[in-house]
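Below is one structure, written out as structure tokens, with a few remarks after it.
Note on naming: letters A, B, ... go to the chains in the order of the sequence lines (proteins, then strands), and numbering restarts at 1 for each one.
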Amino acid sequence: MLVLDRVGKTYPNGVNALERFSIEIRLGEIVAVIGGSGCGKSTLLRAIAGLDRASYGAITLDGEALTAPHPKVGIIFQEPRLLPWLSVADNIGFGLSDLSAPERRDRVAAALAKVGLSDKAKAWPRELSGGQAQRVAIARALVVRPEVLLLDEPFSALDAFTRRDLQDHLLDLWSETRPTLVLVTHDVDEAVVLADRILVMRPRPGRLFEGVDISLTRPRDRNSELFETTKRRILTALDRSLDQAAPDPAAAAEAGDALWW
Amino acid sequence: MTMTLDTPVESIQSLAPQSAARWRRWTRPALGLLLPLTVAAAWEWAVAAGWSNGRLVPPPSTVMSTINELARSGELVRHMAITLERVGAGFALGVAAGTVLGAISGYWELARRLLDPTVQALRAIPSIAWVPLFILWLGIFELSKVALIAVGVFFPIYLGVMGAILSVDRKIVEVGRTFRLSGPAMIRRILLPAVLPAYVVSLRVGLGLGWMFVVAAEFMGASEGLGYLLIDGQQLGKPAQILAAIVIFAILGKTTDWLIEIAAMPFLRWQDAFAPSRGAF
């Protein structure tokens, strides 16, 4: 269980990026965090990943506080961030340096096969297309078998076709070990395809606006009526979240008391 | 889906580029040699035709025969060896100091605050200005010459290493952090490989300066070395000897630079810029 308890982040320049964010995420759940720019989505993810410390509140995984990068927590960024001086296979094995060489080789080979890139094992990252590179990044994050996988707009730099392909692919990979996925996105379509639960965020300061459970069965048909209805519901929630951004006396009052802790 | 499309296309293309690459391998150096060889041939012909007596600008054949003479008497090897020795020692010292201090300043902010302003101030001094001081401190023999070369080599290496470390992509460092690399592992697995391309460039710049400063060092009173050949040629009015020394400087400079490039190549194959078709040769 991943628990966020009144997590807040104030940057040194005084910007309140995230305020009083609380959520409980079960193991194996897929949660999409959606919202306009400046709503603290990435801040939230970086705090869970332990890359930035939260200013307030607590983040725990199975009761253990997450304040620095944790072996059970993996992250995939918007860009593949492959190490250009390592071959594709060595990139995937980057987090496996504790294993013996043959064991590492087996795990990497299996991961390469799963993302369909066995023939690219010896290629340099520069020789890959954007979609291929992002698949390597997914393999690199999953090969260490994390309990929680964080995804920061992982497909937003790809073309629509590749994006859909990778979304389906991600679900396939997820179904094998069923880690918890926390996916930050600004693509409503993507959120509805992937998530069990969608958290709609509200900007300035970043707060949780509404949580929506998605009970559509998988695999989800992007063209079904129900899919469209669900999408519309999320879009409406997003619209309302922006409407209330300006005048919100309740938030102002709570922001005042947030200074106390 | 991409793979099924990729495979046949690649196998068709793979035949043509190979022979084209082989062709380029031989034509490229030939193209580079075209200009100097044409100029040399034209000058040779102009002197042979009697349009110039070639006394102040001797034709290539005279320069060649001067080099031959120097080589036969064994003098050339002696001068080359001593100059190479000076450059080698100065380069090694400059690289060692520049690498260590540059790495410290790049990695550790407090050290940068303490050290960098002083180094930058020293860098602003033309290195030749140190010559009188070095001679007073270290004497007129080898030590002062090596010191001058080392000073010339130091600055580009220091700047290159520090700048390279400072400009390592934060995003790549974050990858290391998410895999919880320790400090030494972060240096070995992320920083060193990331810094290497810029380091090789600064080594080449440093070596170029080393060759520049060895001439300055040998001007300030040497009895052997290629720089001595230059001065000797001027004082005795032997322009062919000056040109011979210049040609040998060019050959040695280019060869040592090329050696660095060759030595670094296996470590930099991952770079786009070091793809074989784009190399200097």
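Side-chain polar atoms of A:Gln167 and A:Arg164 form no donor-acceptor pair below 3.5 angstrom. Donor-acceptor pairing under 3.5 Å is lacking for the side chains of B:Asp116 and B:Ser105.
By number of non-hydrogen pairs under 4.5 angstrom with chain A, the leading residue of B:Leu196, B:Leu181, B:Val175 is B:Val175. Chosen from A:Gly74, A:Pro69, A:Ala68, the residue pairing most often with chain B at heavy-atom distances under 4.5 Å is A:Pro69.
A cation-pi arrangement is found for B:Arg189 relative to A:Phe94, the charged atom lying closer than 6.0 Å to the ring centre and inside a 45° cone about the ring normal.
Proximity to chain B (any heavy atom under 4.5 Å) is shown, for A:Glu127, by neither the backbone nor the side chain. For A:Leu86, no part sits under 4.5 Å from any heavy atom of chain B, backbone or side chain. For a residue to count as touching a neighbouring chain, one of its non-hydrogen atoms must lie under 4.5 Å from one of that chain's; by this rule A:Pro125 does not touch chain B. Proximity to chain B (any heavy atom under 4.5 Å) is restricted, for A:Ile75, to the side chain, taken from C-beta onward. Proximity to chain A involves both the backbone and the side chain of B:Ala194, based on heavy atoms less than 4.5 angstrom apart.
Ion pairing of A:Lys114 with A:Glu176 is present here, as a side-chain N (NZ or NE/NH1/NH2) and a carboxylate O approach within less than 4.0 Å. Between A:Arg222 and A:Asp168 there is a salt bridge, since at least one side-chain N of the basic residue sits less than 4.0 Å from a carboxylate O of the acidic one.
Within the 4.5 Å cutoff, the side chain of A:Glu64 has heavy atoms near those of the A:His70 side chain.
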